[in-house]
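Order of the sequence lines sets the chain letters (A, B, ...), proteins ahead of strands, with each chain counted from 1.
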Amino acid sequence: MRPIDILEYVLLSFKSDRRRAFMSSLGIIIGVVSIVAMLSVSEGLYSGVNERFGDMEMDLINVRPGSNMGPGPGERPSFAPEEPAELDDRDVKIIENIVGVKAVYPLKSASALLSFRGDNASVRVMGITPSHHEDLKVVIDRGRFLVDSDYKAAVVSYEIAQNFFRMDISPGNRIRLYLSEEGRYMDFKVAGILKEDEDPNYAPDDCIFITHKALEELLGRDEYKYSSISIRAEDASQVEATADDVDEGLARIHRDEAYTVEPTTTRFESLLEVLNMIKYALAGIGSISLIVGAIGISNVMMLTVKERTHEIGTMKAIGATAWDIRILYLLDAGMLGLVSSLIGIILGALVSGVVGSIARIPQEVTFSSALSGLLFGVLITTIAGIYPANKAAMLDPIEALRAE
Amino acid sequence: MTLVETIDLEKGYRVGDMVVPVLKGIDLCIEEGEFVALMGPSGCGKSSLMNILGCLDRPTGGSVILKGENLCTLSDGELARIRRDQIGFIFQSFNLIGRMSNLRNVELPMILQERPPNARRIRARELLEAVGLGHRLEYSPVNLSGGERQRVAIARALANDPMIILADEPTGNLDEKSTCEIMDIMKKLNDDGRTILMVTHDLEMTRYCSRMIQMRDGRVVQEGI
């Protein structure tokens with residue numbers, strides 16, 4: 001038989017039994033919908049995260065006290081857990097002298113109570129070295145950023161300035177910071193306000209920047225240790241090697257203390273990896289419903305072959321070969337798969353749109369998720385059609401003609 | 001010229017451990033242009049013989065020679081091809097496909113032959129017009145009377161221009177008037193040179209035929225004009 005005639009026969013059988021076609025395609029439609037929806041929602045999650053962190057600077061290295069994780073697989077847990085290292089100016093000096101390091105930004109963060117015109121709110125205070133922060137991403141909305149000669153000046157995040165108090169904080173206002181547990185306080189003059197949604201990624205959105213000098217005085221002079229040290233490498237492509245050098249350099253003075261040196265990209269990459277796993281796990285769940293749909297198709301086709309036994313017998317008697325019949329019924333399944341996959345992709349796009357807008361997840365139906373829905377749909381239904389098609393092809397024409 | 005020849009043809013069916021013989025050595029010869037009536041009581045093996053001659057079944061002994069070719073040596077696919085190209089079937093219960101139009105039903109053997117759409121449509125139309133159904137081309141056979149359905153079936157049997165027409169009680173389900181119409185068409189086909197082998201119960205039908213073969217209990221018992 002010519003392909004066009006086979007197609008016509010298959011379409012005729014859809015037309016003559018619309019209910020059958022619809023019922024058997026329902027399972028496949030649902031399966032493809034779930035694959036496409038799950039793929040696009042997780043794809044959206046992935047690209048949303050990617051977008052958010054995409055402007056992250058790839059040449060940054062972070063040094064923190066404490067170890068990153070417990071003992072690795074096969075390692076014995078150490079009996080004397082290492083003390084977290086204390087990071088101070090000595091470390092900054094060492095790091096500054098390592099080849100490949102462009103700039104070093106020690107950071108100290110502390111929580112404090114912010115008082116403004118009689119209202120209080122708890123905030124995060126970040127101690128910084130202003131001159132070092134020139135090339136970190138800080139976008140000022142009004143006023144100016146800190147300079148090294150500043151002492152009792154502060155830069156306030158947009159969030160705090162706009163939403164924390166009855167009155168908005170503006171450059172020039174006076175604010176007071178309390179250290180809650182010790183009752184110590186200091187007054188500051190607001191130098192600048194950060195731009196909305198432009199907080200640097202190393203700082204929370206409820207933070208106040210002041211100089212190390214001021215924070216040191218606020219906290220008490222004796223125990224001023226950095227909470228972390230950010231390092232900018234000279235060459236972003238060499239960031240891993242530079243991180244290793246920093247690690248080695250610090251090992252000399254923190255022999256039995258724990259600290260972590262980590263390029264910021266590492267954490268981001270492992271996050272993307274996890275998202276990728278989630279994506280395929282979700283798609284896997286979707287495929288299960290597709291397989292259930294395929295079993296449904298197989299069942300309906302078995303019934304069809306039984307119903308059409310007489311017709312198949314007639315076709316064989318007038319000269320159809322086993323191959324003719326097999327192709328007819330395989331294509332029947334394949335066409336069902338194709339049409340229902342296409343419907344499934346459209347519905348899947350709608351579903352993921354709805355899910356995305358409810359869950360506030362960015363979502364997009366990518367070409368690849370639509371294509372995998374289509375491929376899986378057609379492939380699995382065709383496989384589901386093999387057994388019934390074979391059954392039809394192998395019918396004995398005499399027996400089949402006798403059947404009513 | 002001899003069209004079909006059977007030599008000591010045997011057919012047995014396995015029932016449990018036993019083999020029940022249905023055809024017990026049939027020697028038969030059908031010449032080109034004959035109209036042969038095959039008669040006999042139920043269970044005498046007429047249908048089994050027809051199935052073997054129609055390439056739907058294989059004998060368990062002896063041989064069938066169709067136009068010089070021994071059918072017993074052919075594969076299933078080759079038998080299907082002979083059915084498609086050389087044999088026209090007319091069944092008692094018509095065996096038309098109700099989902100298709102009459103035109104499509106008649107086209108079907110030509111679709112299997114992969115003939116070009118235009119050529120086969122023209123031929124199917126001509127054949128249906130020849131059996132008096134030119135005004136029913138796009139109807140479904142479901143909407144036709146028994147006689148009309150059998151006429152569609154005859155048109156279908158002629159579609160591939162077969163060497164021989166095998167008709168299994170073609171008038172068995174028809175009333176008297178339709179029977180006459182169908183037999184007139186068959187007679188006319190034979191007059192045009194078609195070879196026909198027809199199974200029938202009705203002695204009346206033999207008057208259309210050129211020869212009659214009587215079967216009983218798996219054997220040919222009488223041949224006559």
May I ask you to test the R123(B)-R115(B) pair for a side-chain heavy-atom distance under 4.5 Å?
-> yes
Is E399(A) salt-bridged to R402(A), going by a charged N under 4.0 Å from an acidic O?
-> yes
Any donor-acceptor pair under 3.5 Å from T6(B) side chain to L28(B) backbone | yes
Closest non-hydrogen atom pair, M205(B) against M183(B) = SD-CG, 3.5 Å
V22(B) side chain reached by Y13(B) side chain, heavy atoms, under 4.5 Å | yes
Hey, are the side chains of E273(A) and N276(A) touching, using non-hydrogen atoms and a 4.5 Å cut-off?
-> no
Interface residues of residues 310-335 of chain A facing chain B - non-hydrogen atoms under 4.5 Å apart = H310(A), E311(A), T314(A), M315(A), K316(A), A317(A), I318(A), G319(A), A320(A), T321(A), D324(A)
The interface call for R104(B) against chain A, heavy-atom contacts under 4.5 Å, is side chain
For L401(A), is it the side chain, the backbone, both or neither that has a heavy atom under 4.5 Å from a heavy atom of chain B?
-> side chain
Minimum side-chain heavy-atom gap Q86(B)-I164(B) below 4.5 Å | no
Separation of Y9(A) OH from D5(A) CG (nearest 0.5 Å) | 12.5 Å
Indicate whether any N or O donor in one side chain lies under 3.5 Å from an N or O acceptor in the other, for S178(B) and D175(B).
-> yes
Would one find more than 12 heavy atoms of other residues, nucleotides or ligands at under 6.0 Å from atom OH of Y139(B)?
-> no
Who in residues 46-60 of chain B is close to chain A, using a strict under-4.5 Å heavy-atom cut-off?
-> N51(B), L56(B), D57(B)
Of all the heavy-atom pairs spanning R99(B) and S16(A), show the shortest one and how long it is.
-> CD-OG, 3.1 Å
Check the surroundings of atom CG in N118(B): do more than 12 heavy atoms from other residues, nucleotides or ligands lie under 6.0 Å from it?
-> no
Which residue, D168(B), T171(B), N173(B), forms the side-chain hydrogen bond (donor to acceptor under 3.5 Å, both in side chains) with Q92(B)?
-> N173(B)
Chain A heavy atoms under 4.5 Å from L112(B): which part of the residue, side chain, backbone, both or neither?
-> both
Could you please state which residues from residues 291-307 of chain A sit under 4.5 angstrom from chain B, measuring non-hydrogen atom to non-hydrogen atom, sorted by number, or 'none'?
-> none
So do V106(B) and N102(B) actually touch side chain to side chain, heavy atoms under 4.5 Å?
-> no
Might you point out which heavy atoms bring F35(B) and M198(B) nearest each other, and give the distance in Å?
-> CE2-CB, 4.0 Å
In terms of heavy-atom pairs under 4.5 Å with chain A, the winner among L79(B), L96(B), N95(B), I87(B) is N95(B)
Quick check: does any side chain N or O of R194(B) sit under 3.5 Å from a backbone N or O of L189(B), one acting as donor and the other as acceptor?
-> no
Quick one: does S352(A)'s side chain have a donor or acceptor within less than 3.5 Å of a partner on V41(A)'s backbone?
-> no
Exceeds 12 heavy-atom contacts within 6.0 angstrom, atom NZ of K391(A) | no
Counting a contact as any heavy-atom pair under 4.5 Å apart, which residues of residues 62-73 of chain B contact chain A?
-> none
Part of P162(B) within contact of chain A (heavy atom distance under 4.5 Å) | neither
What is the minimum heavy-atom distance between V36(A) and S369(A), and which atoms define it?
-> CG2-O, 4.0 Å
